Amino acid sequence: MNMEKFRFEITHTCKQSGARTGILHTPHGSVLTPMFMPVGTLATVKFVSPEELTEIKAGVILSNTYHLWLRPGADIVKEAGGLHKFMNVERPILTDSGGFQVFSLSDTRKINEEGVTFKNHLNGDTLFLTPEKSIQIQNDLGADIIMSFDECPPYPSTYDYMKNSVERTLRWAKRGKDAHMRADDQALFGIVQGGEFEELRAMSARALVEMDFPGYSIGGTSVGETKEIMYKMIDYSIKYLPLEKPRYLMGVGSVDAILEGVLRGVDMFDCVLPTRIARHGTAMSSQGRINIRNQKYERDFTPLDPQCDCITCKNYTKAYLKHLNKCNEGLGQRLLSIHNLRYLIHLTEQARQAILEDRFLDFKNEYFKLHHLDKPNAKGF
RNA sequence: GGGGGGAUAGCGAAGUGGCUAAACGCGGUUGACUGUAAAUCAACUCUCCCUGAGUUCGGCGGUUCGAAUCCGUCUCCCCCCA
């Protein structure tokens, strides 16, 4: 294992678009950016083995503080030798702080200055997560990149609500940073919030930069806002962030938003979308989204995407994948998950190549045109 | 040969005089899904010129203002006795 410390290196900036390529060096290896990071909330990318993640050239993979805290418990993961050993992953791992659960489990939680009270969805227990506790759990889990505990606020939120939330999240960022005991081998990212309000995004970003994090996330996106607003959120955040630090756009994984993010200087993306829609029978492809349940694929003995190099596309037909889906066979979910992840990873590979060749804007425009994403109100995929 | 039970939409199965084009499940069709409480959720699934109309509950014939529901009869299926 390469025990290099965390370091981000920009390798090229596209002369045509300003998008950039880079290398993220971590204690568990170096990975190229821009990159898409598969999500493995419960210490597994659902249906996909670590060996398969290697096969599809995944860079970083995600896991989750809140969920691992509940089960199996940070102590057990620590005793196993950390998350990498526990789940047999040798590549870099990033853990989210539990901040997204403040959003997704909002029906059963309460926020105060000190932290967030959750109701354990497994047994009803009352749980209290603080910025310090989140960092401590993440220290125990041992990911290469960890997140500040934030509130991912809902959209829409009023300016006043958002202002209070952003200010509290900034105080939490400071508290988390102060509690971080493994700054030498775990990079703690600050998370920019502020909804669609530029003034608040600016305040959030500036204050985090002042605290000097090794990387910055853009949060509060993909929570129901339109793409146009999401792109504004990115713009309003990135313009206040230092060029030389990595930027991570949280929770974004539709192809159009990834390319728009890269164009704006985002280096890292993660999303459950490819794996979730795969389990639900939808494949991403160079022809757009394919709902494999559709009757028209019953006798379609061609691969999902002839241009794809994944094991699913090299070995299986749509008719077979439809059959597996109809029979609720796990292999179908696995093959589709592998394919969708590979599709997005391949997309970022193409993006990197285009940046290196100073033609990213052309690449993006051609891609959008090909997929009819260039029209107003186009439905992305 | 005698006795008993049953036949409801693609399948299974409720319903036993009006509120029933007929619950529910399966199957089928189509959508949704963005730092994962999601192998989940939603809509539609007799026909049509579909915010309304038309034909249905094994067949035929009755009773009734009104029948999938009551009566007669026929056909088919299942069980028991001989």
Side-chain angles (χ1 to χ4, degrees), chain A residues 36-48 60-68 70-71 94-109 118-124 127 134 138 143 145-153 155 189 191-193 216-227 230 233 248-258 260-261 266 268-284 289-298 322 324-337 340 344 379-381:
Chain A
F36 176 78
M37 309 183 286
V39 181
T41 303
L42 287 165
T44 170
V45 177
K46 294 183 192 297
F47 284 95
V48 184
V60 175
I61 65 165
L62 252 72
S63 199
N64 183 278
T65 300
Y66 176 85
H67 289 287
L68 294 181
L70 267 55
R71 198 168 52 181
L94 181 157
T95 43
D96 185 31
S97 61
F100 185 71
Q101 279 62 48
V102 180
F103 167 77
S104 63
L105 304 177
S106 62
D107 290 347
T108 52
R109 58 86 178 130
F118 290 97
K119 188 171 173 137
N120 183 331
H121 64 274
L122 300 167
N123 61 17
L127 302 164
S134 172
Q138 295 186 79
I145 303 168
I146 67 178
M147 291 296 127
S148 292
F149 186 55
D150 65 333
E151 179 197 356
C152 176
Y155 179 87
F189 280 28
I191 304 177
V192 180
Q193 292 290 356
Y216 299 93
S217 303
I218 299 164
T221 48
S222 290
V223 288
E225 78 283 9
T226 63
K227 291 275 168 67
M230 182 202 290
M233 290 173 169
Y248 161 29
L249 180 58
M250 306 183 82
V252 169
S254 62
V255 295
D256 47 343
I258 287 177
E260 291 288 354
V266 174
M268 305 156 69
F269 302 84
D270 82 285
C271 199
V272 305
L273 192 67
T275 43
R276 179 177 293 167
I277 68 176
R279 271 175 278 127
H280 298 169
T282 301
M284 294 169 163
R289 278 197 193 184
I290 291 175
N291 186 338
I292 203 63
R293 289 177 309 176
N294 287 175
Q295 192 169 38
K296 60 185 170 188
Y297 301 120
E298 195 168 25
K322 172 182 162 58
L324 292 177
N325 178 279
K326 280 295 174 189
C327 299
N328 199 23
E329 283 292 340
L331 179 61
Q333 291 162 301
R334 194 175 131 220
L335 292 173
L336 242 52
S337 295
N340 281 352
L344 289 186
K379 194 167 156 297
F381 80 99

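Since we're looking at a predicted model, the values are computed, not measured. Computation of the quantities below employed the complete heavy-atom set of this structure, encompassing side-chain atoms and omitting hydrogens, waters and symmetry-equivalent molecules. Lettering of chains follows the sequences in order, A, B, ..., and the numbering in each one begins at 1.
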Considering only heavy atoms and no angle criterion, is a donor-acceptor pair shorter than 3.5 Å present between the side chain of [X] and the base of [N]?
| X | N | answer |
| --- | --- | --- |
| A:Thr221 | B:rU34 | no |
| A:Asn64 | B:rG35 | no |
| A:Arg293 | B:rG31 | yes |

Determine the contact category for [X]: base if any of its heavy atoms lies under 4.0 Å from a base atom, sugar-phosphate if only primed atoms, P, OP1 or OP2 are that close, otherwise nothing.
| X | value |
| --- | --- |
| A:Thr275 | base |
| A:Glu225 | nothing |
| A:Gly261 | nothing |

Taking a pair as Watson-Crick or G-U wobble with both distances under 3.5 Å, which nucleotide is matched to [N]?
| N | value |
| --- | --- |
| B:rG1 | B:rC81 |
| B:rC70 | B:rG62 |
| B:rA7 | B:rU75 |
| B:rG52 | B:rC48 |
| B:rC24 | B:rG12 |
| B:rC41 | B:rG31 |

(request) From the options B:rU30, B:rG35, B:rC33, select the nucleotide whose nearest atom is closest to the side chain of A:Asn294. (result)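 Of the candidates, B:rU30 comes closest.
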
(message) Hydrogens and angles aside, do A:Ser337 and A:Gln333 bring a side-chain donor and acceptor to less than 3.5 Å of each other?
(response)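 Result is no, nothing qualifies.
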
(request) Scan side-chain atoms only and decide if A:Ser254 and A:Asp256 contain a donor-acceptor pair under the 3.5 Å cut-off. (result)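 A donor-acceptor contact under 3.5 Å links the two side chains.
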
(request) Send over the distance from A:Asp96 CG to B:rA37 P, rounded to a whole Å. (result)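 The answer, rounded to whole Å, is 10 Å.
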
(request) Using the C1' atom on both, measure B:rU75 against B:rG61 and round to a whole Å. (result)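 The answer is 15 Å between these two C1' atoms.
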
(request) Quick one: sort the A:Phe118 and A:Tyr66 rings into parallel, tilted or perpendicular, breaks at 30° and 60°. (result)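 Rings of A:Phe118 and A:Tyr66: tilted, 30 to 60°.
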
(request) Report yes if the ring of A:His67 lies under 5.5 Å from the six-membered base ring of B:rU36 with planes under 30°, and no otherwise. (result)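 Stacking between A:His67 and B:rU36: absent.
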
